[in-house]
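Heads up, the thing below is written out as structure tokens.
Given the structure is predicted, the values throughout are model-derived calculations rather than measurements. Below, chain A is the first sequence line, B the second, and so on; all start at residue 1.
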Amino acid sequence: MENQNKEEEEEQIVTPWEVAAEKGGKIDYDKLIDKFGCQRLDQSLIDRVAALTRRSPHVFLRRGVFFAHRDFSDVLDAYERGEKFYLYTGRGPSSEALHLGHLVPFMFTKYLQDAFKVPLVIQLTDDEKCMWKNLTVEESQRLARENAKDIIACGFDVSRTFIFSDFDYVGGSFYKNMVRIAKCVTYNKVVGIFGFSGEDHIGKVSFPPVQAAPSFPSSFPHLFSGKDSLRCLIPCAIDQDPYFRMTRDVAPRLGYHKPALIESLFFPALQGETGKMSASDPNSAIYVTDSAKDIKNKVNRYAFSGGQDSIENHRKYGANLEVDIPIKYLGFFLEDDAELEYIRTEYGAGRMLTGEVKKRLIEVLTELVERHRRARAAVTDEMVDAFMAVRPLPNMFS
Amino acid sequence: MGHTKEQLLTRLQELQIDFPRYEHPVVLTVEAQAKYVGHLKGALSKNLFLKDKKQRFYIVSALAETKVDLKVLSQRLGLGKGGLRMAPEEALAEILQVPLGCVTPFALVNESARHVSLLLDQGIKSQECCFFHPLSNDMSITVNARDLDKFLTSIGKNPAYVDLEANPPVGKDQPPDLATLVPSDAKIVAEPPEKQVSSQGPERNHLSVNNHPKVITVAKAVKPSNASTKEKSPDAVNLSISYADPDKFVQEILEKTTSIVLSEIKEENIERNGEQLATIVSNNISKQLGLELKNIATIFKNTAYTEGFKAGIHHQPKRM
């Protein structure tokens, strides 16, 4: 994709705390892959996944939502040889309301858990949010538990899943790994990776090892005792790459495999790629608590359309699929490849109107949100306790 | 069945709580109560039974003079403005199992009130003792805060004292300070009285009464479930029960399957597909239902595991 911006010094910004495209444009993912040094997830890898798991690859793989990786092929090689791995993902519980973008990594992780039949650890970084968002300890712990319910509602198997909050779990072997990791990373390095300044409090500076530690199996002695060579695969959004670059750098020095990563695009805001999804603007995203009426309203009113401004023009020129949000969202959530292809063709040619595309999107999203809500209603506090209990998982690989 | 006044009083005595008791004619208001006990030692209390839009219930126990502003409380609990209302009379009978005019923290001794959140006026702590009804309004007893706490702890509740008159700002950077007092369990609300056929007490598990199971057909936009607060709770109750009960679970599966079969086997389809219809229908079932059934099966498994887990942690080792 030709970019006139090559002249400009201004680069796009992608860090765990900020995502901004170049001057009002879209995020250039090719540039990002180049800059970060990770790999494109190509079709051959997707085919391997399908063959190994003996099921159709997840819609996010087919549509290129999860599009980059580090060492994923090594993980697949090992899996072919009979060596299993475990999954690690997480959430920073900063608000009660989850939107669809938050669910994307969890939906994909659930698929990975089912397809490969491997265990999963989920880290709730309540300490991080307490520090960065200035929440009280109690409030961040409460949010962690509330978010855990939405996460559980994504359908994880309790006999293979361990959810933990940092405030609850840090200590023991986990803390020992944190210290081992911390000893390998200089202050200058974290400043370089995360952009800390002299004004930032020391809590922030010492946080990165907390998010790195779950990449090492010895952090979970109740699960992986004696399995120090177990590999770890981390599904995450690409803005988390810096954390794990640091971890991958440290791993060999501690005698562990580097954690592998499988990374996703950013979920676009309703108002378009250039818009930002923000917690303070409820109309920038679809929340899992939205009613069918809310969804209909939000999509109809706020979803950025790539259609032309008049019906005549639209029939003549067709829609701009590159910027059209309903098409993008359908790309994430419409399972049927054939139907999506049909809609893209018809809409791109101008034979289908924006209203029809939006209508189909509303159906798809409503069903998704409704299913999530039903599953969420079945999650009790006791179930959260069960998922979060430090307990062995005897059948986690079967 | 709810506890009686006598059962409560016995329990208090067992806990070594000392309480002067005063009988009087039935009173329905604080003013009326004051006529009989106002001159005695002890502060009068007013007790409100409240409910929020998500069918969660609260008891607010305050000194009679304390100003209680429901709008402020609603915000402090994180329910937004106007999220709190007085609970309807039926809820009093079903959940607290006390008569009208008899709201009291002691009602939490009843199983049906398990998920009711209790907010206590911190002013109670500074009083020597305070008047409450012991599950019936023909008597008032006085207890001090310490004894009240003892009682609450004995029934597994955590006493929460709150400055009810405070009005802290609530916004993006100031989270609601009472949010932790909102009950967060799965909604347990008894069905509205018209639906209940036989049982009197809110026996939530007797959903055999609810003869209209939900038919959830795939790929159809579902009506908004937040539209009216009344509709929401029976759904949630149905849900958590069906995932713990194999009968209901199988029923749901059969309904979904038969609804597809019934919709596919139509005259036009029979004509068009003839013998192939069977294969086509079964393929459709797998395709449309496969994912859905796996999801609900996972919820069923998680629910069963959770029950086992809970039993495990409360398990008493064999006595040797």
**Report entry** Salt-bridge criterion met for B:Glu292 and A:Arg374 (N-O under 4.0 Å)
**Finding:** yes

Report summary line: So, the part of B:Leu291 with a heavy atom under 4.5 Å from chain A: the answer is side chain

Query raised in the report: Is any side-chain heavy atom of B:Thr180 closer than 4.5 Å to a side-chain heavy atom of A:Gln141?
Result: no

**Report entry** CG-NZ distance between A:Asp336 and B:Lys287, expressed to the nearest 0.5 angstrom
**Finding:** 6.0 Å

Query raised in the report: Is the number of heavy atoms from other residues, nucleotides or ligands within 6.0 Å of NZ (A:Lys117) greater than 12?
Result: yes

**Report entry** Gap separating the NE2 atom of B:His115 from the CG atom of A:Asp381, nearest 0.5 angstrom
**Finding:** 9.0 Å

Query raised in the report: Take atom NZ in A:Lys296; do more than 12 heavy atoms of anything else shown fall under 6.0 Å from it?
Result: no

**Report entry** Side chain / backbone / both / neither for A:Arg391 at chain B, heavy atoms under 4.5 Å
**Finding:** side chain

Query raised in the report: Could you state the interatomic distance from CD1 (B:Ile299) to CZ (A:Arg376), rounded to the nearest 0.5 Å?
Result: 12.5 Å

Query raised in the report: Can you say whether A:Phe387 sits under 4.5 Å from chain B via the side chain, the backbone, both, or neither, judging by heavy atoms?
Result: side chain

Report summary line: CD of A:Glu138 to CG of B:Asp177, rounded to nearest 0.5 Å, is 12.0 Å

Requested in this report: Please say whether more than 12 non-hydrogen atoms of neighbouring residues, nucleotides or ligands are located less than 6.0 Å from NZ in A:Lys359.
Outcome: no

Query raised in the report: Does any heavy atom of chain B fall under 4.5 Å from the side chain of A:Thr136, the backbone, both, or neither of them?
Result: neither

**Report entry** Donor-acceptor contact below 3.5 Å, side chain A:Asp157 vs main chain B:Thr298
**Finding:** no

Report summary line: Honestly, the part of A:Lys110 sitting under 4.5 Å from a heavy atom of chain B is side chain

**Report entry** Minimal non-hydrogen separation, A:Val158 against B:Asn302, with atom names
**Finding:** N-OD1, 2.9 Å

Query - Portion of A:Asp385 that has a non-hydrogen atom of chain B nearer than 4.5 angstrom - result: both

Query raised in the report: So, for A:Ser159 and B:Tyr305, which heavy atoms are closest and what is the spacing to 0.1 Å?
Result: CA-CE1, 4.1 Å

Query - Residue A:Phe397 excluded, over 12 heavy atoms near CZ under 6.0 Å - result: yes

